[in-house]
J.: 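Please find one structure pasted underneath; my questions will follow.
The chains referred to below are lettered A, B, ... by the order of the sequence lines, with proteins before strands, and numbering in each begins at 1.
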There are 2 protein chains.
Amino acid sequence: MTISSSQQPSVASSSPAVSAGAGMSEADLLARLFRALGDPTRVQLLTLLLDHEQTVSDLVEAVGAPQGRISTHLGCLRWCGLVTGRREGRQMIYAVTDQRVRDLLSIASAVLRDYAAQVATCGVVG
Amino acid sequence: MTISSSQQPSVASSSPAVSAGAGMSEADLLARLFRALGDPTRVQLLTLLLDHEQTVSDLVEAVGAPQGRISTHLGCLRWCGLVTGRREGRQMIYAVTDQRVRDLLSIASAVLRDYAAQVATCGVVG
DNA sequence: TCGGTATATTCGTATATTCGTATATGTTTG
DNA sequence: CAAACATATACGAATATACGAATATACCGA
């Protein structure tokens, strides 16, 4: 056995777009990480999990989005190491365990307190 | 006095897609902020400016991308408050003045030290 | 093993974002 | 004022990303 808890979810090898592997610069990686954080649904999930661990069903209800979408986004977050998940019976329990994720959200939130209006109207991020 | 240096750059009111204004949740705003950070060129610019302030020409040469693209991305970063810019003669000098931007990049970089491989291969962020 | 519950994955389509190229604006100098 | 330099903006094409709907998989209890 190589991996204990956060094993890589089998994210479907269908998409031929993810070669990535080698020649990826630090800037590319940072950008990817920030993009993983750059979706409202994923941010909402993280915010909810910041409080306490929750099942997918809990999150589906809290967010009010279809279960498939929630699972997909949780899969992304988990794959990237931003949340952890463990199975308990037939349900999956997700949580934010990395303090740095908490910090990223906290700092970003602080930035927004100063620049919310600007960020809200930036024409580049649609 | 409300704002000292970082005034809103006239980002061209052509694009009719940015209504935004009111009903935008905290999650939406956070996601937008992270998306502003979620581009390799913009990250590269921030990283370069982290060191010391630089002109657009400097950045164009350092990044190796066409000037138009650099300006566009700088405009986005500036609009969102992530960099500041001042004109000196015929050139613009950009800088990162907000410590929190530094922190965001630093923490994200730390996360990558643990999860670079995962982030690099996440199928959701292409 | 079967049915039901909980979660994960696939896929086509709609939308968002980036890029390259061309052009416009602002600033200094001759 | 014209020319040159530095930067900003516009725009169509290419690509990336999110979504809804449908389906597949995992687990539990009878």
J.: Could you tell me whether the side chain of B/Arg32 and the main chain of A/Ala116 form a donor-acceptor pair under 3.5 Å?
T.: no
J.: For a side chain to side chain contact (heavy atoms under 4.5 Å, CB included) check, start with the C-alpha distance between A/Leu48 and A/Asp58, then their side-chain angles and the critical distance, and finish with the verdict.
T.: CA-CA 10 Å; A/Leu48 287 165; A/Asp58 293 338; over 6 Å; no
J.: Is there a donor-acceptor pair closer than 3.5 Å between any side-chain N or O of B/Thr121 and the backbone N or O of B/Ala117?
T.: yes
J.: For B/Leu30, run the side-chain contact (heavy atoms from CB on, under 4.5 Å) check against A/Val119, A/Leu104, A/Val43, A/Asp39 and tell me which one passes.
T.: A/Val43
J.: Could you work out how much the helix from C/dT1-D/dA30 to C/dG30-D/dC1 bends, comparing the axis of its first five pairs with that of its last five, to 10°?
T.: 20°
J.: In terms of side-chain heavy atoms of B/Met92, which of D/dA8, D/dC27, C/dT28 is nearest?
T.: D/dA8
J.: Rounded to the Å, how far apart are A/Arg87 CZ and C/dA6 C1'?
T.: 7 Å
J.: Which pair of heavy atoms, one from B/Leu82 and one from B/Ala36, lies closest together, and at what distance?
T.: CD1-CB, 4.2 Å
J.: When the distance from CD1 of B/Ile93 to C1' of D/dT7 is rounded to whole Å, what number comes out?
T.: 13 Å
J.: Please determine whether a side-chain nitrogen or oxygen atom of A/Tyr94 lies at a distance below 4.0 Å from atom OP1 or OP2 of C/dA6.
T.: no
J.: Heavy atoms from C-beta onward define the side chain here; which of D/dG20, D/dC27, C/dT21 lies closest to that of B/Pro66?
T.: C/dT21
J.: Say whether, by atom type as modelled, one donor and one acceptor occur between the side chain of B/Arg100 and the main chain of A/Ile107 under 3.5 angstrom.
T.: no
J.: Rounded to the nearest Å, what distance is computed from the CD atom of residue B/Gln91 to the C1' atom of nucleotide C/dT28?
T.: 11 Å
J.: At under 4.0 Å, does any side-chain N or O of B/Ser71 touch on OP1 or OP2 of D/dA8?
T.: yes
J.: Rounded to whole angstrom units, what separation is found between the CZ atom of B/Arg90 and the C1' atom of D/dA8?
T.: 16 Å
J.: Could you list the residues that satisfy side chain to side chain contact (heavy atoms under 4.5 Å, CB included) with A/Thr72, not counting sequence neighbours?
T.: none
J.: Rounding to a whole Å, what distance do you find between B/Asp28:CG and D/dA18:C1'?
T.: 13 Å
J.: Nearest nucleotide by nearest heavy atom, which residue falls closer to the 5' end of DNA chain D, B/Thr55 or A/Pro40?
T.: B/Thr55
J.: Closest heavy-atom contact between B/Val60 and B/Gln67?
T.: CG2-CA, 3.7 Å
J.: Can you tell me if B/Arg78 uses its side chain to pair, donor with acceptor, with the backbone of B/Tyr94 under 3.5 Å?
T.: no
J.: List every contact pair, protein side and nucleotides 14-18 of chain C side both N or O, where the distance is under 3.5 Å.
T.:
unit_1 : atom_1 : unit_2   : atom_2 : d
C/dT17 : OP1    : A/Gly126 : N      : 3.2
C/dT17 : OP1    : B/Arg35  : NH1    : 2.4
C/dT17 : OP2    : A/Gly126 : N      : 2.1
C/dT18 : OP1    : B/Arg42  : NH1    : 3.4
C/dT18 : OP1    : B/Arg42  : NH2    : 2.8

J.: Contact class for A/Thr72 vs. all strands (heavy atom < 4.0 Å): base, sugar-phosphate, or nothing?
T.: base
J.: Output the rounded distance in Å from CD1 (B/Ile70) to C1' (C/dT21).
T.: 15 Å
J.: How is B/Gln67 classified with respect to the nucleic acid when contacts are heavy atoms under 4.0 Å: base, sugar-phosphate, or nothing?
T.: base
J.: Between atom CZ in A/Arg32 and atom P in D/dA16, what is the gap in whole Å?
T.: 10 Å
